[in-house]
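In listed order, ligands and their atoms are each counted from 1.
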Amino acid sequence: MVPQWFIEEKRDGREHAEADLREWVRGVADGSLPDYQVAAWLMAAYLRGLSEAETATLTDAMMRSGRCLTWEGLGRPTADKHSTGGVGDKISLPLAPVCAALGLAVPMVSGRGLGLTGGTLDKLESIPGFNVRLGVGDFRRIVGEVGCCLIGQTDDLAPADRRLYALRDVTATVPSVPLIVASIMSKKLAEGAGTLLFDVKFGSGAFMGSLAEARVLAEALIATGRRLGRRCRALLTDMDQPLGRTVGNALEVREALEVLAGGGPWDVRALTVEEAAHLAQAAGLFGDLAAARAAAERALDGGEAMECFRAMAQAQGARLGEPLPEARARVAVPAPRAGWVAHVDAKAIGRVALELGAGRRAAEETPDPAAGVDALLQQGERVEAGAPLCVLCAGSGERAAALVRTAAAAFRLEQAPPPRRALVAGTLGA
Ligand code: URA
């Protein structure tokens, strides 16, 4: 394979031979291809697209560029989910232990957020002592003993993706469906879970703005998963409004614990139950979704999911007796008038959380674990004039006070109660 001919082939819209594409990915991973050729190919692939077969080959080759985990001998089916991310999306925290309580094994490798708010790892690290940097040996042991474990991406998992993603980030080639699919799937497939659920979000707080775009991505994820022999399902979920009443790392952990204790906001609980039910049913533990949903509800209400979370957290070094970090300043955002909350703009709330210190503007920044937006009113709730729409949490009162007007503008108030939004707009896959 001559690199410039390979680039030319895609530039002219032709399909790559499987062997050439595999050789190309080997050259990406071992560094023998220079950045300028990889970047040129990425732009050609961005403009011309990749066929379903090419996307599957690229994904498989990227997965095989590093270590691929296997999970024989656990005595339970393995399952995992990937969310395209959103504002207040803390679902992984209650989901993994609910799934473990239902009898699945969940080896979950998560990321850090570079969008508006922290990622799952940032949330977990706000729990004193919680260690997400485990080696494969401890990961395996905890998944076997507890049924779930959440760690950060190791250097040897899909290394080709790290190089490709870094180049995409600086060459305006991130928003390409086949490249996104290969990036997400190569990492998830390398984890080795037999059943995968994709939570593809749409709306103002999501990576894919519209339902139609989310559906295109979900279909491509499912098609690639199927070609590569994994059971995959996708849910298209609404991220136009924040999930739950909290956005920010420790605040979201507190809310996840409320859900694990059988309470919490309706939407966080409902999405946790829905995702757990889909995973458990797709993995073969239940014949139908209704039975799987009822079992997930019981795991939350009966305390089994909380027990799994505690066992996982303790195995990962957490000191659960210690309090979560609390912000020095809490500033309420008053409602300008009385009304019903008709809409809360997820992107606007995410931006406020970022400004308060809950997220990262650059990869090397460390989020403030205590910062964020708390006590968010949700769509359909009544508020009186001057009562709080939400509470801003930050390291200083000035920082929070400067964002009060911006936060208030994220809420649309109306004079009649709106209908409750549907969280799940569609389900794809077997
Ligand atoms: N998340 C990923 O891991 N990769 C992408 O390309 C986009 C989102």
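- Ring-plane geometry between F6 and W24 is classed as parallel, the angle between the planes falling under 30 degrees on a 0 to 90 degree scale with a further cut at 60.
- Nearest protein heavy-atom contact of atom 1 (N) of ligand 1 is I184 CG1, 3.8 Å.
- Polar contact with ligand 1: absent for Y165 (N/O pair, distance under 3.5 Å).
- For ligand 1, the polar-atom distance check finds an N/O of K187 within less than 3.5 Å of one of the ligand's N/O atoms.
- Taking 4.0 Å as the cut-off between side-chain N and carboxylate O, R227 and D60 do not count as a salt-bridged pair.
- The distance from ligand 1 to the heavy atoms of S183 drops below 4.0 Å at these ligand atoms: 2 (C), 3 (O), 4 (N), 5 (C), 6 (O).
- The closest approach between V174 and ligand 1 stays at or above 4.0 Å for every heavy atom of the residue.
- Checked by distance only, ligand 1 and H82 stay at 3.5 Å or farther apart across all their nitrogen or oxygen atoms.
- Open room surrounds NZ on K347; 12 or fewer heavy atoms of other groups in view lie less than 6.0 Å from it.
- Those atoms of ligand 1 with a heavy atom of I180 less than 4.0 angstrom away are 6 (O), 7 (C).
- Of all heavy-atom pairs between D89 and K123, the closest is O-NZ, 2.9 Å.
- Residues R163 and D35 are paired through a salt bridge, judged by an N-O separation under 4.0 Å between the basic side chain and the carboxylate.
- Of the candidates L389, V352, V331, V331 is the only one forming a side chain to side chain contact (heavy atoms under 4.5 Å, CB included) with V404.
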